[in-house]
Structure formats: C-alpha cells, structure tokens
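Following: one structure in structure tokens, then a few remarks.
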Number of protein chains: 2
Amino acid sequence: MAPRTRKPERRAEALTRERIVEAAVELLDTSGEGGLTFRALTGRLATGPGAIYWHVASKSELLDAATDAVVAAALATGPAGSAGSPHKEIGAVALGLFDAIDEHPWLATQLATQLSRNPWGPVTPRIFESIGRGVRALGVPEGGWFTAASALVHYILGAAGQNAANGRGAGSGVDRGEFLDSVSRAWEALDPGDYPFARAVADQMRGHDDRAEFLAGIDLILAGITAVHPPAP
Amino acid sequence: MAPRTRKPERRAEALTRERIVEAAVELLDTSGEGGLTFRALTGRLATGPGAIYWHVASKSELLDAATDAVVAAALATGPAGSAGSPHKEIGAVALGLFDAIDEHPWLATQLATQLSRNPWGPVTPRIFESIGRGVRALGVPEGGWFTAASALVHYILGAAGQNAANGRGAGSGVDRGEFLDSVSRAWEALDPGDYPFARAVADQMRGHDDRAEFLAGIDLILAGITAVHPPAP
DNA sequence: ACCTGAACACCGTTCAAGT
DNA sequence: ACCTGAACACCGTTCAAGT
C-alpha cells in the first residue's frame, strides 16, 4: 500500500490551481459574489494567502478562471450536433448558458464584467464556437457568419444578464409572480407622458415566462438570419 | 445683492445628491471603476464621508444613480421620433447607448451589474421606452411588443458590453488594428478539432468595424421582427 | 518548488459629536 | 437638518522566512 507516491492524483491535500478554482466556484455558489474572499478561501483550503498567490496571480484572474470553468462545463453538455435541427441546436446552447446562469447567479455579473474588460478572452471563442456551428448548419453563406453569430451571442449574453436575478426565487424569499406583479404595477404608475410604451407593455411583462421569452427572442433573430440569408431552394 | 438667500441654486458649496452623483461620474470617467472611492469623493467635494452618507445610502446606490444619470442623458438626445423611419429611430437609440458606453467605459460593466442585480430598476423602463416606440411605429401588433422590444434591448446591452473595451483606444495605448490582428491570430491558433468555426471566422473578426457590426445586428433583428410580423399591405 | 502567516495599505461604513 | 472626522471591521496583496 502507498507504494511509490507516483501519482497522488486523489490526494485532497495537494494545492493546485484547479482545486483553488473549484473552491472559488463553491464559495461563489454558496455565498454569492461577496462570499469569495481570500480569507474564506484560505479557510476552506486550509492554507495561507501566499499559497494561493503561488498558483493564481490575482483575485480577478481567479474570477476569470471560475467563469471560464463554469461556461466550459455548461457548453460541454450536449455533444454538439446532437439536436435535430440547427435551430434546435442553437436553442440548446443558448438554454445551456441560460441555465448555467440560473444555477450560478454570480455568473451573469461576472460574464459581463469579464467580457467588457477582456472581450476576447477564452470565454468568447468558446461561446462563438458553439453558436457558430449552428449558424453554419443553418446555411448562412460564409460572409455572414461573423455578423450572425455575433448577433446571437450578444443577445444571449444580454438576455442572460437581465434574467439572472429572476431565478427560481432562491434566496430572495419573494414569490416570482408577486414580484413581477409589483414591477408591473410600478411600470403602470409611470408618467403617462414620458412612458406610454412601458405602461402599455406592463401587462405583458407581468405574465411573461423568462425561458419562453428568451427562446422567442432567439426565434426572432433566427427568423432575421433566414430572411437576410434565404436558404437555397 | 444677496438679498434673501431664498434660492441658493448656483452655490457650488451646497452638498446635494445631484452634486455627489455628478462628482462620481467625473471620477469614474477620469480614473475608471477603481477610481470611485469615498476617499476620492470626499477629497473632491471637500467633506467627510458622513456628509455623503447623509445624501446617499451606499456606494452601490451611488453607482446606480450615476448609471441612471448617464443613461438618461444618452437617451435624451434625439427628440423621439425625429429620425425618418422607425428603423432609423431604433438605430439612433441603439447608437446613442453605444456611444455613451464608448465615452464612459465603466458604464458597460456597471449597466450589466445593475441590470443583473436589479433588472427592473429605473434604467430598464427608460431603455424599453425608447426602443419600444420604434417597435410600435414599425407596425408590430400589440401582442408582440414585449418580445420584440426585449430582444432588441437584450441585444443592445449584450453588444454594448462586449464592445466597450474596443473604444477609441483611449488609455490602452495599443492600436486597435494591431490589437484585433493579434486576437485574430490567437483564434487562428486554436485547436482545429475544437474550434473549427472560430478559426474560420477569425479573418472576418480581424477586419470588423464595431459600429457597423453593431448596426448589422440591429438590422438582423429588425428583419426578423418584420418577417414574424409582416406589415399590413 | 511550494507554502506559511504576519504585516501593509486601503476600502466602505458607522456614529458620537458638533452646528 | 446637515455635516465632521476619528474609528472599525474587513479586504487584496506582499514578502521575509521556512521546508
């Protein structure tokens, strides 16, 4: 037993970048964005801050790594091309990200922060790739790939951010229906001269289903792509 | 002179919530997101932290107020309905936000943060209203208003966040062409098995124009809206 | 090469005290 | 009602020292 110590893979003791990122994700999931501190991290990993800084350059690098790890996992489900149609495949990828944000609420803010600080980091090509395959399968001519994929990616990230706080009501304690109702009433109470549209739409907002609405937006963009690039007959 | 002191409006000395928000925006513009601290703020306003806390509940409320102020200003240009067509009007609103983020780079992160923390705060109805008027003018039936406006708003916010760092190269010191070129080469160097699409599209990415690409995405969504809701003959 | 942990500079926020 | 400013708790990061 314990013969050569050649591959101590399973040792929980070894401090690696991976283990640090893992612990960071757990802390973020458990205690939210404010929960990730070097104090909490050293406590959980039973080390000092110096040990963490040996593997990771800064807190923001750690956050980037956590974000990348969660996004990669979200995009890895669904073996690429598994869905029936390109349309469905794009929807599946989008919903994968949507659900990841639902499970890891900190991801919305962090994705936005990371993408606006470093828009061309590792996360962007990951998402582009998953969406892009669907775009290509849709029959869009090569010249339109970048624009079509960009539009979808931007929509997905924007929508995901906006819908993040709507989650399954986890933590907030307030019922989602009640919450939307109060927002809807707030919109109805806006100045009629300044906000005619918001008031008119308040009722639709009240009853809307995040997921369905999210997919309806995808459908709208796909319809636009098809209209601009009609499939060959 | 100085007869009754009834309306000391112009006195620079009076500390008001407005003046605090104004100073916060200036600090953010000058020194970036990290530049807004209560120390810097008290220095600039010549007071103590307690004075600021009398007018503002917390730093995050102050950030929200700064965001709202800048967004309101960005949407206020263009007297609503001034553009020729609904299509152009939506484009103008979108570009207004796009440019605001270009001028205030911190706005991208802050918008994303605020919208994912409090998606139904004052900023949302503002943007919805501006976009929504265009949607209505487009002839979309009332039942489709919420979905169409949501799709546009989400796209705009997502794209704006992603493009924020591309600004006029202000601060970075690196030429934009050079920068995109290096990113493009990085994408071309990705694993061919894992990233076929990203590699194929790297060249289009290299030469792309943010603004034009942004508007092309708007066009795509508008085409989708028109396809789903064909205008009455 | 990897880890320890005390120390540093700085932060948001509070609050008793003033006017 | 509005402002002052010292004090508090906490944070990310560093670094001389250990193994």
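Just so it is clear, the values below take in all heavy atoms, side chains as well, and ignore hydrogens, waters and symmetry mates. Note on naming: letters A, B, ... go to the chains in the order of the sequence lines (proteins, then strands), and numbering restarts at 1 for each one.
In this entry the distance linking CZ of B/Arg17 with P of D/dC2 reads 14 Å, nearest Å. In this structure, the CG atom of A/Leu62 is 15 Å from the P atom of D/dC11, given to the nearest Å. In this entry the distance linking CD1 of B/Ile20 with C1' of C/dG12 reads 15 Å, nearest Å. For the pair A/Ile52 CD1 and C/dG5 P, the computed distance is 13 Å after rounding to whole Å. Spacing between atom OH of B/Tyr53 and atom C1' of C/dT13 amounts to 4 Å, rounded to whole angstrom units. Rounded to an integer number of Å, the gap from CG of B/Leu27 to C1' of C/dG12 is 15 Å. Counting to the nearest Å, the P atom of C/dC10 and the CD atom of B/Glu33 are 20 Å from each other. Counting to the nearest Å, the C1' atom of D/dT4 and the CG atom of B/Leu41 are 16 Å from each other.
Between B/Leu215 atom CG and B/Leu95 atom CG the span is 4.5 Å, to the nearest 0.5 Å. Summarising the geometry, atom NE2 belonging to B/His104 is positioned 10.5 Å from atom OG1 belonging to B/Thr67; distances are rounded to the nearest 0.5 Å.
Residue A/Ser58 is classed as a sugar-phosphate contact, given heavy-atom separations below 4.0 Å to backbone atoms only. Residue-level contact check: B/Leu36 touches the backbone only, with heavy atoms under 4.0 Å from sugar-phosphate atoms and none from bases.
D/dA9 is unpaired under the criterion used here, namely a Watson-Crick or G-U wobble arrangement in which both key atom distances are under 3.5 Å. Of the nucleotides present, C/dT4 is the one that pairs with D/dA16 by Watson-Crick or G-U wobble criteria, both distances under 3.5 Å.
The side chain of B/Thr47 has D/dT4 as its nearest neighbour among C/dC3, D/dT14, D/dT4. Distances from the side chain of B/Lys59 to the nucleotides C/dG12, C/dC3, D/dC3 place C/dG12 closest. When distances run from any side-chain atom of A/Trp54 to the nucleotides C/dT13, C/dC3, D/dA1, the shortest one goes to C/dC3. You'll find that the side chain of A/Phe38 is closest to D/dG12, out of C/dT14, C/dG12, D/dG12. Considering only side-chain atoms of A/Arg39, the nucleotide from D/dT14, C/dA7, C/dT13 that sits closest is C/dA7.
Distances shorter than 4.0 Å separate some side-chain N or O of B/His55 from OP1 or OP2 on D/dC3.
The aromatic rings of B/Trp187 and A/Phe128 sit perpendicular, their planes meeting at an angle over 60°, well past the 30° parallel limit. Under the 30°/60° scheme for interplanar angles, the aromatic rings of B/His208 and A/Trp120 are found to stand perpendicular.
Of the N and O atoms on the side chains of B/Ser150 and A/Glu213, not one donor lies less than 3.5 Å from an acceptor on the other residue.
Projected onto DNA chain D by closest heavy-atom contact, A/Ala51 and A/Thr37 fall at different nucleotides, the more 5' of which corresponds to A/Thr37.
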